[in-house]
Asks: 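Input: one structure, supplied below.
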Amino acid sequence: MAVNIVLLGPPGAGKGTQAKRLQDQFGLIQLSTGDMLRAAVAAGTPVGVKAKAIMAAGQLVPDEIVIGVIADRIAQPDARNGFILDGFPRTVPQAEALDKMLAQKGLRLDHVIEMKVDDGALVERISGRFACKKCGAGYHDRFQPPKRAGVCDNCGGTEFVRRADDNAETVKKRLDEYHAKTAPILPYYRAKGALKAVDGMAEIDAVTASLSAILRGAAGAGVRA
Ligand code: ADP
Ligand code: ADP
Ligand code: ZN
């Protein structure tokens, strides 16, 4: 079943955590523009050179750059089996560009799901976030520590990384960007009748259960936004 979904929500809402779980559970691929941009920065590509300082400042990378990145990725054959967009679209022009590129390929979005989390919870989520250096598995100091301290549950790796932009000052800027530029895409999808929402304040497993129910098309799944 090739379903295409968008996970929407502020920084730290749990999009990446849940996208990885849905990827494994439903055989979809996670397309994270944040991960793609960080890879471009690390590799020093032209996109990375343009994005680096903008990301460090907690601002949004210009639409034309991000739209180009996602268009290239969706054009790859594995995207035909269904994808989870994590962190894209983030502006109304990005949402419009996505609709256009999917229509050209005869594809559509099956579910646009908002993960609702209070601003007050996001700073703690982001400041405690870290990931395995080797496999990228995500953790949290308090909410999702590795089962054995210092050892990745997934691959046994012992080195971990924290994102340069996951600091209190940048987080505030990222939340401002979310409210000013990303939240307006909620009415865009609501008007199309495509928007659903889950309670992102719940425990990680409970959020996964709500999302899975929506993907399986279970009656009454999710709450109407
Ligand atoms: P996003 O991709 O939306 O920015 P992440 O999935 O990276 O968010 O989650 C941010 C941090 O919060 C991570 O450290 C993750 O382990 C933790 N986290 C994710 N979901 C929850 C949850 N439901 N409750 C508590 N902590 C969570
Ligand atoms: P988070 O979910 O914690 O906000 P992401 O990894 O999704 O983090 O994004 C990190 C940064 O990458 C953003 O602050 C922004 O600078 C850039 N970025 C990612 N996706 C987009 C996008 N769709 N449009 C513009 N900038 C983006
Ligand atoms: Zn690992």
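Residue numbers start at 1 and run along the sequence shown. One-based numbering, in listed order, for ligands and for the atoms of each.
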Asks: Within the 4.0 Å heavy-atom shell around Gly200, which atoms of ligand 1 are there?
Replies: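 In order of numbering, the contacting atoms are 23 (N).
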Asks: May I ask whether Glu177 places a heavy atom under 4.0 Å from ligand 2?
Replies: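 Not so, Glu177 does not reach ligand 2.
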Asks: Under 4.0 Å from a heavy atom of Arg38: give me the atoms of ligand 2 that qualify, with their elements.
Replies: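 The atoms of ligand 2 under 4.0 Å from a heavy atom of Arg38 are 6 (O), 10 (C).
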Asks: Heavy-atom count check: over 12 atoms from other residues, nucleotides or ligands less than 6.0 Å from Lys52 NZ?
Replies: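 For Lys52, atom NZ is not crowded (no more than 12 foreign heavy atoms under 6.0 Å).
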Asks: Below the 3.5 angstrom mark, is there an N/O of Gly12, backbone or side chain, next to an N/O of ligand 1?
Replies: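 Yes, there is a polar N/O contact under 3.5 Å.
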Asks: Kindly confirm or rule out an N or O of Glu203 lying under 3.5 angstrom from an N or O of ligand 1.
Replies: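 Such a contact does not occur with ligand 1.
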Asks: Nearest protein heavy atom to atom 19 (C) of ligand 2, by residue and atom, and its distance?
Replies: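 Its nearest protein heavy-atom neighbour is Arg90 NH1, 3.4 Å.
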Asks: So, do Arg190 and Ile185 sit near enough that their side-chain heavy atoms are less than 4.5 Å apart?
Replies: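 The answer is no, as the side chains (C-beta and beyond) never meet within the 4.5 Å cut-off.
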Asks: Report the distance from atom CD of Gln23 to atom CD1 of Ile29, rounding to the nearest 0.5 Å.
Replies: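 With rounding to 0.5 Å, CD (Gln23) is 7.5 Å from CD1 (Ile29).
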Asks: Considering only protein heavy atoms, which is closest to atom 14 (O) of ligand 2, and at what distance to one decimal place?
Replies: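 Protein heavy atom at minimum distance: Arg174 CG, 3.9 Å.
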Asks: Would you mind running through ligand 2 and noting each atom that sits below 4.0 Å from a heavy atom of Gly34?
Replies: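 Those of ligand 2 that fall under 4.0 Å from Gly34 are 5 (P), 6 (O), 9 (O), 19 (C), 20 (N).
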Asks: Under 4.0 Å from ligand 2, counting heavy atoms only, is it the side chain of Val61, its backbone, both or neither?
Replies: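 Both of them.
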Asks: Classify the side-chain pair His179/Asp119 by whether it contains a donor and acceptor separated by less than 3.5 Å.
Replies: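 There is such a pair between these side chains.
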Asks: Check whether the side chains of Asp99 and Tyr188 place a donor and an acceptor atom closer than 3.5 Å, and report yes or no.
Replies: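 Result is yes, a qualifying pair exists.
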Asks: Tell me, please: is Ala13 in heavy-atom contact with ligand 1, that is, under 4.0 Å?
Replies: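 Distance cut 4.0 Å: Ala13 passes for ligand 1.
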Asks: Report yes if some N/O of Gly14 lies less than 3.5 Å from some N/O of ligand 1; otherwise report no.
Replies: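 Yes; at least one N/O pair falls below 3.5 Å.
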Asks: For Lys181, which part has a heavy atom under 4.0 Å from ligand 2: side chain, backbone, both, or neither?
Replies: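 Neither part.
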Asks: Could you see which bit of Ala202 sits under 4.0 Å from ligand 1, with heavy atoms only: side chain, backbone, both or neither?
Replies: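 Near ligand 1, Ala202 shows its backbone, while the atoms from C-beta on stay back.
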Asks: May I ask you to check whether Thr33 has an N/O atom sitting below 3.5 Å from an N/O atom of ligand 2?
Replies: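 Indeed, backbone or side chain, Thr33 has an N or O that close.
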Asks: Does a salt bridge link Lys173 with Asp176, judged by any charged N lying under 4.0 Å from a carboxylate O?
Replies: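 A salt bridge is absent here (no side-chain N lies under 4.0 Å from a carboxylate O).
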Asks: Starting from atom 8 (O) of ligand 2, which protein heavy atom do you reach first, and at what distance in Å?
Replies: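 Looking at atom 8 (O) of ligand 2, the protein heavy atom closest to it is Arg163 NH2, 3.0 Å.
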Asks: Polar-atom distance check: Gln94 versus ligand 2, any N or O pair below 3.5 Å?
Replies: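 Yes, Gln94 has an N/O under 3.5 Å of an N/O on ligand 2.
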Asks: Salt bridge (Lys or Arg N to Asp or Glu O under 4.0 Å) between Asp110 and Arg108: does it pass, once the steps are laid out?
Replies: CA-CA 6 Å; Asp110 296 281; Arg108 45 164 282 176; 3.8 Å; yes
Asks: List every atom of ligand 1 that sits less than 4.0 Å from any heavy atom of Phe143, numbering the atoms from 1 in the order shown and giving each element.
Replies: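 Answer, ordered by atom number: 25 (C), 26 (N).
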Asks: Can you tell me, to 10 degrees, how wide the angle at the Zn ion (ligand 3) is between SG on Cys155 and SG on Cys152?
Replies: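 Nearest ten degrees: 120°.
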Asks: Quick one: does Leu60 get an N or O within less than 3.5 Å of an N or O on ligand 2?
Replies: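 N/O-N/O distance under 3.5 Å: no.
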Asks: In terms of residue, atom name and distance, what is the protein heavy atom nearest to atom 12 (O) of ligand 1?
Replies: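 Sorting protein heavy atoms by distance from atom 12 (O) of ligand 1 puts Arg125 CD, 3.5 Å first.
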Asks: Do Ile126 and Phe130 sit in one hydrophobic cluster, given that two such residues count as connected whenever their side-chain heavy atoms are within less than 4.5 Å of each other, even indirectly?
Replies: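 Result: no, two separate clusters.
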Asks: Report the nearest protein non-hydrogen atom to atom 21 (C) of ligand 1: residue, atom name, distance rounded to 0.1 Å.
Replies: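 Going atom by atom, the protein heavy atom closest to atom 21 (C) of ligand 1 ends up being Ile204 CG1, 3.3 Å.
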Asks: Check Gly58 against Arg174 and note the closest heavy-atom contact, atom names and distance.
Replies: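 Minimum heavy-atom contact is O-CG, 3.4 Å.
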Asks: Heavy-atom distances under 4.0 Å decide this one: backbone, side chain, both or neither, for Lys173 against ligand 2?
Replies: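 Neither; no heavy atom under 4.0 Å.
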Asks: Against heavy atoms of Gly16, which atoms of ligand 1 measure under 4.0 Å?
Replies: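 Numbered from 1, ligand 1 contributes 1 (P), 2 (O), 6 (O).
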Asks: List every atom of ligand 1 that sits less than 4.0 Å from any heavy atom of Thr17, numbering the atoms from 1 in the order shown and giving each element.
Replies: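 Every atom of ligand 1 under 4.0 Å from some heavy atom of Thr17: 5 (P), 6 (O), 9 (O), 15 (C), 19 (C).
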Asks: Nearest protein heavy-atom contact for atom 7 (O) of ligand 1: which residue, which atom, what distance?
Replies: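 Ranked first by proximity to atom 7 (O) of ligand 1 is Arg129 NH1, 2.6 Å.
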Asks: Are side-chain heavy atoms of Phe143 and Arg125 found at a separation under 4.5 Å?
Replies: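 Yes - at least one pair of side-chain heavy atoms lies under 4.5 Å apart.
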Asks: Does Asp166 come within less than 4.0 Å of Arg129, counting only side-chain N to carboxylate O?
Replies: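 The answer is yes: the pair qualifies as a salt bridge.
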Asks: What atoms of ligand 1 come closer than 4.0 angstrom to any heavy atom of Tyr139?
Replies: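 Reading through ligand 1 atom by atom, the close ones are 13 (C), 14 (O), 16 (O).
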Asks: Does atom CD of Glu203 have more than 12 heavy-atom neighbours from other groups under 6.0 Å away?
Replies: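 Incorrect, the count does not exceed 12.
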Asks: For Arg90 and Thr182, which I'm curious about, is there any donor-acceptor pair between the side chains at under 3.5 Å?
Replies: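 Looking only at side-chain atoms, Thr182 and Arg90 do not form any donor-acceptor pair under 3.5 Å.
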Asks: Measure across Cys135 and Cys132 and return the closest heavy-atom pair with its distance rounded to 0.1 Å.
Replies: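 Scanning both residues, the minimum pair turns out to be N-SG, 3.4 Å.
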Asks: Among all the protein's non-hydrogen atoms, which is closest to atom 11 (C) of ligand 2, and how far away is it?
Replies: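 For atom 11 (C) of ligand 2, the nearest protein heavy atom comes out as Met55 CE, 3.9 Å.
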Asks: Would you please test Asn167 and Thr170 for side-chain hydrogen bond (donor to acceptor under 3.5 Å, both in side chains) and show each step?
Replies: CA-CA 6 Å; Asn167 58 73; Thr170 309; 2.9 Å; yes
Asks: Is there any N or O on Gln59 that sits under 3.5 Å from an N or O of ligand 2?
Replies: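 Between Gln59 and ligand 2 (N or O atoms, distance only) the closest approach is under 3.5 Å.
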Asks: Can you find an N/O atom of Lys15 closer than 3.5 Å to an N/O atom of ligand 2?
Replies: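 Yes.
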Asks: Rounded to the nearest 0.5 Å, what separates atom OG1 in Thr33 from atom CG in Leu85?
Replies: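 Going from OG1 on Thr33 over to CG on Leu85, the span is 8.0 Å.
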Asks: To check your reading of the model: name the closest protein heavy atom to atom 17 (C) of ligand 2, its residue, and the distance in Å.
Replies: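 Checked against all protein heavy atoms, atom 17 (C) of ligand 2 sits closest to Leu37 CD1, 3.7 Å.
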Asks: Run the numbers for me: atoms of ligand 1, each under 4.0 Å from some heavy atom of Gln144, listed by number.
Replies: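 Result: 15 (C), 16 (O).
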Asks: Closest approach of Ala40 and Val47, non-hydrogen atoms and distance?
Replies: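 Smallest interatomic distance, heavy atoms only, reads CB-CG1, 4.1 Å.
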Asks: Is any side-chain heavy atom of Tyr139 closer than 4.5 Å to one of Cys152?
Replies: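 With C-beta onward as the side chain, the pair touches.
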Asks: Under a 4.0 Å heavy-atom limit, does Val66 contact ligand 2 with its side chain, its backbone, both, or neither?
Replies: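 Under 4.0 Å from ligand 2, Val66 contributes side-chain atoms alone.
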